[in-house]
Amino acid sequence: MTALAPSFLQGRWQAGTGDGRPMLDAVTGEEVGRLSTTGLDLAGAAAYARSVGGPALRDLTFHQRASLLKALAGHLREHREELYEVSARTGATLGDSKFDVDGGIGVLAAYASKGKRELPAGSVLVEGEVEPLSKDGSFLGQHVLTSRHGVAVQVNAYNFPVWGPLEKLAPALLAGVPSIVKPATPTAFLTAKLMELVVGSGLLPEGSVQFLAGSVGDLFDHLAEQDLVSFTGSASTAQQLRTHPTLTARAVRFTAEADSLNCSILGPDSGPGTPEFDLYVKALTTEMIVKAGQKCTAIRRAFVPEQHLDAVAEAVIGRLERVTVGNPTNPDVRMGALAGLEQREEVRRSLKSLTDGGRVLFGSSEHVVVTDADAERGAFMSPVLLSADPDSAAVHEVEAFGPVSTLVPYSSTAQVVDLAARGQGSLAGSVVTGDPEFARDVVLGAAPWHGRMLVLDRADATSSTGHGSPMPQLVHGGPGRAGGGEEMGGIRGVTHHMQRTAVQASPDMLTAITGRWVPGSVRTTTNVHPFRKHLEELRLGDTVVGGPRTVTQADVEHFAEFTGDTFYAHMDSEAAAQNPFFGERVAHGYLVVSFAAGLFVDPAPGPVLANFGVDSLRFLTPVKFGDELTITLTAKQITPRDTAAYGEVRWDADVTNAAGDSVARYDVLTLVAKQATS
Ligand code: NDP
């Protein structure tokens with residue numbers, strides 16, 4: 001009997017007791033190790049996460065946490081060969097391992113970069129615009145997000161032992177929430193290797209990550225209001241956990257990503273001989289082979305126009321015939337083993353239900369020619385292509401979690417949209433077509449049932465990331481049967497770990513709380529121009545007022561000739577008189593903005609390095625000849641960059657006329673130098 005794999009709890013590696021559950025090599029059937037959490041203090045682990053990991057992470061800013069993710073990605077990248085080596089024992093070919101390992105590291109890197117670029121300085125996320133709640137502007141509302149003070153329990157599936165834990169860990173860490181990582185038994189030995197590297201890196205604050213080598217035991221009984229559970233696995237376990245009495249009684253946030261009957265749809269326009277036909281066939285075959293079809297996003301239902309069904313079947317079979325199954329470390333092998341014999345048994349059972357309502361076009365659940373391995377001891381299986389009638393119930397209900405897909409003919413757009421929905425909610429769907437109208441009708445028709453939809457055609461074929469690849473920037477999850485949850489999706493995945501609070505307050509209070517100046521707050525004007533201040537010297541509310549400057553007809557005509565913008569509303573009195581908004585000639589909006597810059601700029605070299613854009617520019621009141629303009633520019637948000645000699649400053653710009661009405665409002669975005677340190 002092999003040794004029990006240790007868990008990493010409360011800052012130390014510790015093994016449970018008892019015989020434990022075996023983990024088997026998917027290729028040889030050999031025992032790799034055992035798992036047990038019996039006797040471990042799981043209530044203590046949750047408390048430790050909350051009392052040690054949470055505060056340590058919350059002491060860091062978003063940008064500091066993003067730097068940790070970047071460093072961790074680098075560390076894992078250096079050690080990825082070790083992960084590939086262990087990964088082969090899960091049945092994965094080198095290509096499969098890269099999908100899992102490099103994909104997971106890619107998620108860390110993507111979150112590191114998003115955290116730096118899209119999250120503010122500090123650790124509070126201000127969401128959306130300020131909502132005015134009173135006529136006089138003295139009472140405002142603003143949504144803010146703060147880190148939850150709980151622990152994120154991450155229950156993973158067996159098919160992605162590296163990517164799965166990392167895609168859950170990255171957003172949690174960035175949000176400042178500690179995690180307890182729980183792998184699925186069959187491939188837990190690979191997640192254990194990953195966690196050994198994560199913990200061994202010494203990069204993460206104490207208590208921010210713990211690892212459970214075995215079942216969750218009584219952990220769920222000890223979860224509380226601020227905690228979260230992110231689950232990936234079967235729909236039945238999701239259902240069981242969702243209704244766990246502690247989770248429901250204490251409103252523990254729960255998100256699930258479960259099995260789903262994803263579809264791929266070939267457009268009627270894309271018959272044999274078109275690039276889209278070849279793309280469809282290739283994508284379908286790839287999704288069957290990669291990870292031996294054990295992908296939650298794999299194509300289970302292939303909807304094909306009835307007139308192309310035979311051609312698609314022939315082309316897919318042609319490809320499948322060339323697939324070598326066997327030892328994943330043998331370079332000639334295209335498809336490795338399933339994660340274990342139990343998993344193969346489950347696929348065989350599902351296949352039986354599927355074949356009751358369909359017919360086998362290629363392959364067999366029982367027989368397979370295996371290269372360089374023992375077909376009995378390893379969890380090998382042939383790819384299996386089926387066909388079924390659109391009305392077969394099984395094809396829309398039974399998921400065979402292996403190299404199995406079913407071709408289903410359809411005869412109209414409405415029918416295929418309806419068939420897509422019969423999966424009762426999917427993670428991913430794809431449409432392969434060169435016809436934009438068909439793509440629109442199918443995507444918009446099927447979207448309510450899908451978390452992600454790919455439209456594949458000759459234009460995006462070479463750059464497309466494929467049907468089955470969830471992207472950190474995009475939502476991963478789906479409605480209904482797919483679990484009803486959402487993971488990743490860029491910063492959305494971070495916000496799932498945070499609490500959104502609507503704060504109602506006066507402008508000054510709101511500025512103090514959010515770290516973002518809001519209109520109505522105190523403005524500070526001194527005889528030092530704010531453009532002469534370095535980043536550390538600037539304060540929210542620092543203001544410069546410029547003007548007034550009168551806009552003349554000559555100015556407008558000069559601007560029109562100089563720029564070539566001779567639009568009638570500026571140049572033609574008669575035509576302008578007919579314009580419902582103006583009734584007479586008016587100044588160009590861009591002239592107003594240019595004059596404003598001329599009024600607020602301090603021209604000499606100084607800390608302001610560049611103006612890199614404007615946000616939310618709105619022209620609110622027409623500027624007529626003779627109007628006087630005044631600009632009020634106020635420091636609104638100050639975002640130092642940790643690793644640069646400068647930071648970003650967002651300024652509120654309000655251009656007003658003599659009556660005090662705003663004629664233009666926008667944010668000016670600048671880069672401002674920090675004080676020289678030498
Ligand atoms: P399970 O739902 O049985 O297991 C998924 C995870 O949940 C594992 O970590 C498992 O841990 C854990 N788990 C199981 N029961 C409990 C419980 N009562 N309390 C807490 N945690 C629990 O799925 P399988 O891994 O067996 O896969 C079964 C099917 O799920 C597949 O055949 C496939 O159809 C689908 N699937 C879907 C995936 C997706 O990404 N959407 C991925 C993988 C599978 P332990 O191993 O310790 O039991």
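For ligands, and for the atoms within them, numbers begin at 1 and follow the listed sequence.
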Asks: Among all protein heavy atoms, pick the one closest to atom 29 (C) of ligand 1 and tell me residue, atom and distance.
Replies: Ser234 CB, 3.7 Å
Asks: Under 4.0 Å from a heavy atom of Arg21: which atoms of ligand 1 are those, numbered in the order shown and with their elements?
Replies: 45 (P), 47 (O), 48 (O)
Asks: Considering the heavy atoms of Ala184, write down every atom of ligand 1 situated less than 4.0 Å from one of them.
Replies: 8 (C), 9 (O), 46 (O)
Asks: Consider every N or O of Ala258 and every N or O of ligand 1, then say whether any pair is closer than 3.5 Å.
Replies: yes
Asks: Does the ring of Phe160 carry Lys291 above it, NZ/CZ under 6.0 angstrom from centre and within 45° of its axis?
Replies: yes
Asks: Which residue and non-hydrogen atom of the protein lie closest to atom 16 (C) of ligand 1, and at what distance in Å?
Replies: Thr237 CG2, 3.5 Å
Asks: Using a strict 4.0 Å cut-off to heavy atoms of Phe231, name the atoms of ligand 1 that fall inside it.
Replies: 2 (O), 5 (C), 6 (C), 7 (O)
Asks: Go through ligand 1 atom by atom and flag the ones less than 4.0 Å from a non-hydrogen atom of Pro183.
Replies: 9 (O)
Asks: Do NZ/NE/NH1/NH2 and the carboxylate oxygens of Asp259 and Arg481 come within less than 4.0 Å?
Replies: yes
Asks: With a 4.0 Å cut-off, would you call Glu486 and Arg492 a salt bridge?
Replies: no
Asks: Among all protein heavy atoms, pick out the one at the shortest distance from atom 26 (O) of ligand 1; state its residue, atom name and that distance to 0.1 Å.
Replies: Tyr158 CE2, 4.3 Å
Asks: So which protein heavy atom does atom 47 (O) of ligand 1 come closest to, and at what separation?
Replies: Lys182 NZ, 2.9 Å
Asks: Is the closest heavy-atom distance from Phe160 to ligand 1 below 4.0 Å?
Replies: no
Asks: Ion pair present between Asp96 and Arg334, side-chain N to carboxylate O less than 4.0 angstrom?
Replies: no
Asks: Report, in ascending order of atom number, the atoms of ligand 1 lying under 4.0 Å from any heavy atom of Gln240.
Replies: 18 (N)
Asks: With a cut-off of 4.0 Å, which atoms of ligand 1 are near a heavy atom of Leu241?
Replies: 17 (C), 19 (N), 20 (C)
Asks: Could you tell me the separation between the CD atom of Glu31 and the CG atom of Asp25, rounded to the nearest 0.5 Å?
Replies: 11.0 Å
Asks: Among all the protein's non-hydrogen atoms, which is closest to atom 20 (C) of ligand 1, and how far away is it?
Replies: Val216 CG2, 3.3 Å
Asks: Does Glu85 CD have over 12 foreign heavy atoms under 6.0 Å away?
Replies: no
Asks: Please state which option from Glu346, Arg481, Gln294, Glu399 has its nearest heavy atom closest to atom 34 (O) of ligand 1.
Replies: Glu399
Asks: Of Arg301, Lys295, Lys282, which meets salt bridge (Lys or Arg N to Asp or Glu O under 4.0 Å) against Glu287?
Replies: Lys295
Asks: Show which atoms of ligand 1 fall inside a sub-4.0 Å distance from at least one heavy-atom site of Ala157.
Replies: 42 (C), 43 (C)
Asks: Considering distance alone, does some N or O of Thr232 sit under 3.5 Å from an N or O of ligand 1?
Replies: no
Asks: Is the Phe254 ring parallel, tilted or perpendicular to the Phe231 ring (thresholds 30°, 60°)?
Replies: parallel
Asks: Considering only the protein, which heavy-atom contact is closest to atom 12 (C) of ligand 1, and what is its distance?
Replies: Val155 CG1, 3.6 Å
Asks: Minimum distance, heavy atoms only, to atom 38 (C) of ligand 1: which one of Ala482, Gly164, Gly477, Cys296 is it?
Replies: Cys296
Asks: Assess the residue pair Trp163 and His476 against the criterion (ring-ring contact (aromatic ring centres under 6.0 Å, His included)); give the C-alpha distance rounded to whole Å, side-chain angles, the decisive distance to 0.1 Å, and a yes or no.
Replies: CA-CA 13 Å; Trp163 177 85; His476 178 53; 5.6 Å; yes
Asks: Should the pair Glu30-Arg89 be classified as a salt bridge under the 4.0 Å nitrogen-to-oxygen rule?
Replies: yes
Asks: Considering heavy atoms of the protein only, find what lies nearest to atom 37 (C) of ligand 1 and give residue, atom and distance to 0.1 Å.
Replies: Gly233 O, 3.4 Å
Asks: Going by distance alone, is a donor N or O of one side chain under 3.5 Å from an acceptor N or O of the other, for Glu342 and Tyr158?
Replies: no
Asks: In terms of residue, atom name and distance, what is the protein heavy atom nearest to atom 8 (C) of ligand 1?
Replies: Asn156 O, 3.3 Å
Asks: Would you check whether Thr185 has a nitrogen or oxygen atom less than 3.5 angstrom from a nitrogen or oxygen atom of ligand 1?
Replies: yes
Asks: State whether Asp227 and Arg253 are salt-bridged, where the test is any N-O pair (Lys NZ or Arg NE/NH1/NH2 against Asp/Glu carboxylate O) under 4.0 Å.
Replies: no
Asks: Does a donor on one side chain and an acceptor on the other come within less than 3.5 Å for Gln154 and Ser179?
Replies: yes
